[in-house]
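One structure is given here, and the rest of the page talks about it.
All values reported here derive from a predicted model rather than from experimental measurement.
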Amino acid sequence: MTCLPILLSIPHGGREIPPEVRERVCLSAEDLFDDGDACTQEIYDLGRTVATVVKADVARAFVDLNRAPDDLPPANPDGVVKTQTCYGRPVYRPDGMPDRDLIDRLLERYYYPYHGLLRERAGDPGVRLALDCHSMATTAPEIAPDRGEQRPLFCLGNGDGRTCPAEIVEELSSAICRHFECMPGDVWINRPFKGGYITRTHGGGLLPWLQVEMNRSLYLDSQWFMRTTLQVMPGRLRDLRKRFARTLRELSLTAT
């Protein structure tokens, strides 16, 4: 089978604690799970089905690859290197807050290489579309701009048309509805997310970039998810990955 001319970025699926901060951290396993995009590697990583996959193992709670490198605490505790999770949990012990030297080391080891790899892979002439792949909480956390609101099953963000043509967005939305068996009203465009730092920074050129958000209710509902062990039924994740692959196969990217 011919691979699809698509770059998949999965920046928030990692759960690793950097060794540089391991002794400073006060997060529980549940806090770490809740702050990241749980299971997005299992769902979105299509391997050789697509031209390239770029993914991170470092957890979002420690280095958020979808933030600007100067988006730092204390001005923003949910910035590129966080002091609290999106649910307000402190990341570090009071005596373990990272100083500027440690922040710079984290950025040099985890942040800049990820963005460098995105630029390199996006330059491949065989890539015609880039998707930055995420998941979102069913109810927006307090730190979010849509705090407390119920979210759709999917959100597609193209910066109000700046990073990806509307035709591709519409085609992807229709394919999602078919393969995930949902209604057009279940796929929102540019709300609550227009596309984060990755989409805004790497998009806007010749290569279309689009942020994809999947509602975690599709796999963290109690029928598939065991909260006490933080385990999702593998069969459910395989099913979602197959649906995602079938969705992408429908896209017409030859003329992009």
Inset, instruction - Starting from the C-alpha separation in whole Å, work towards a yes-or-no answer on side-chain contact (heavy atoms from CB on, under 4.5 Å) for Arg246 and Glu250. - result: CA-CA 7 Å; Arg246 289 197 295 266; Glu250 284 203 13; over 6 Å; no

Inset, instruction - Check the pair Leu153, Phe180 against side-chain contact (heavy atoms from CB on, under 4.5 Å), reporting the backbone distance first and the verdict last. - result: CA-CA 10 Å; Leu153 288 183; Phe180 286 88; over 6 Å; no

Legend entry - Derivation and outcome, salt bridge (Lys or Arg N to Asp or Glu O under 4.0 Å), residues Lys82 and Asp64: CA-CA 8 Å; Lys82 304 183 187 305; Asp64 190 334; 2.9 Å; yes

Inset, instruction - Would you sort out whether Leu46 and Phe244 count as a side-chain contact (heavy atoms from CB on, under 4.5 Å), showing the intermediate values? - result: CA-CA 9 Å; Leu46 300 183; Phe244 181 59; 3.8 Å; yes

Inset, instruction - Let me see the working for Leu230 and Arg15 under side-chain contact (heavy atoms from CB on, under 4.5 Å), right down to the final yes or no. - result: CA-CA 12 Å; Leu230 302 178; Arg15 294 175 67 179; 4.1 Å; yes

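When the shell of 6.0 Å around CD of Gln223 is examined, it contains more than 12 heavy atoms from other residues, nucleotides or ligands. Taking a 6.0 Å sphere around CZ of Arg24, one finds it holds more than 12 heavy atoms contributed by other residues, nucleotides or ligands.
Identified under the salt bridge (Lys or Arg N to Asp or Glu O under 4.0 Å) test for residues 137-154, with sequence neighbours left out: Asp146-Arg151.
In this structure the side chain of Tyr92 never reaches within 4.5 angstrom of the side chain of Leu27, judged on heavy atoms. Using a 4.5 Å cut-off on side-chain heavy atoms (C-beta onward), Met214 and Cys39 make no contact. When side chains are defined from C-beta on, Val212 counts as touching Leu156, because their heavy atoms get closer than 4.5 Å. No side-chain heavy atom of Gln211 sits less than 4.5 Å from a side-chain heavy atom of Thr163. Cys26 is listed as a side-chain neighbour of Arg93, based on a closest heavy-atom distance under 4.5 Å. Using a 4.5 Å heavy-atom cutoff, the side chains of Pro11 and Arg60 are not in contact. Side-chain contact check for Trp224 versus Leu240: every heavy-atom pair is 4.5 Å or farther apart. Annotation: side chain of Phe154 is not in contact with side chain of Asp186 (no heavy-atom distance under 4.5 Å).
Although no hydrogens or angles enter the test, the distance criterion places a donor-acceptor pair under 3.5 Å between the side chain of Arg67 and the main chain of Asp78. With hydrogens and angles disregarded, a donor-acceptor distance shorter than 3.5 Å links the side chain of Gln41 to the backbone of Ala56. A side-chain donor-acceptor contact under 3.5 Å links Ser174 to the backbone of Glu170. Side-chain atoms of Asp35 do not come within 3.5 Å of backbone N or O of Leu32 as any donor-acceptor pair. Tyr111 contributes no side-chain N or O that, together with a main-chain N or O of Val81, makes up a donor-acceptor pair within less than 3.5 Å. The closest donor-acceptor contact from the side chain of Trp209 to the backbone of His202 lies under 3.5 Å. Under the 3.5 Å distance criterion, the side-chain polar atoms of Asp37 are matched with a main-chain donor or acceptor of Ser135. At distances below 3.5 Å, at least one donor-acceptor pair connects side-chain atoms of Arg241 with backbone N or O atoms of Glu42. Within the 3.5 Å criterion, the main-chain N or O of Pro141 finds no donor-acceptor partner in the side chain of Tyr87. Remark: side-chain polar atoms of Asn158 are not paired, donor with acceptor, to backbone N or O of Leu210 under 3.5 angstrom.
Contact record, Cys182 with Ile176: SG-O, 4.0 Å, taken as the closest heavy-atom pair.
His134 NE2 to Arg216 CZ: the interatomic distance, rounded to the nearest 0.5 Å, is 11.0 Å. Atom CG of residue Asp99 and atom CD1 of residue Ile103 lie 7.5 Å apart, to the nearest 0.5 angstrom. For the atom pair CG of Leu248 and CG of Leu253, the computed distance is 8.5 Å after rounding to the nearest 0.5 Å. For the atom pair Cys164 SG and Arg162 CZ, the distance stands at 13.0 Å (nearest 0.5 Å). Remark: Ile6 CD1 to Arg249 CZ distance equals 10.0 Å, nearest 0.5 Å. Once rounded to the nearest 0.5 Å, the distance linking CZ of Arg121 with OG1 of Thr52 reads 3.5 Å.
Ring pair Tyr197/His115 is perpendicular by interplanar angle, where above 60° counts as perpendicular and below 30° as parallel.
Using a cutoff of 4.0 Å between basic side-chain nitrogens and carboxylate oxygens, Arg236 and Asp239 are scored as salt-bridged. A salt bridge is absent between Asp132 and Arg200: the closest approach of a Lys/Arg side-chain nitrogen to an acidic carboxylate oxygen does not fall below 4.0 angstrom. Ion pair Arg227/Asp34 flagged as a salt bridge, since at least one NZ, NE, NH1 or NH2 atom sits closer than 4.0 Å to an Asp/Glu carboxylate oxygen. Residues Lys55 and Asp45 are paired through a salt bridge, judged by an N-O separation under 4.0 Å between the basic side chain and the carboxylate.
Side chains of Tyr110 and Glu16: a donor-acceptor N/O pair is absent below 3.5 angstrom, by distance only.
Connection of Leu65 to Phe62 is established within a shared hydrophobic cluster, with ILVMFWY side chains joined at heavy-atom distances below 4.5 Å, either directly or through further cluster members.
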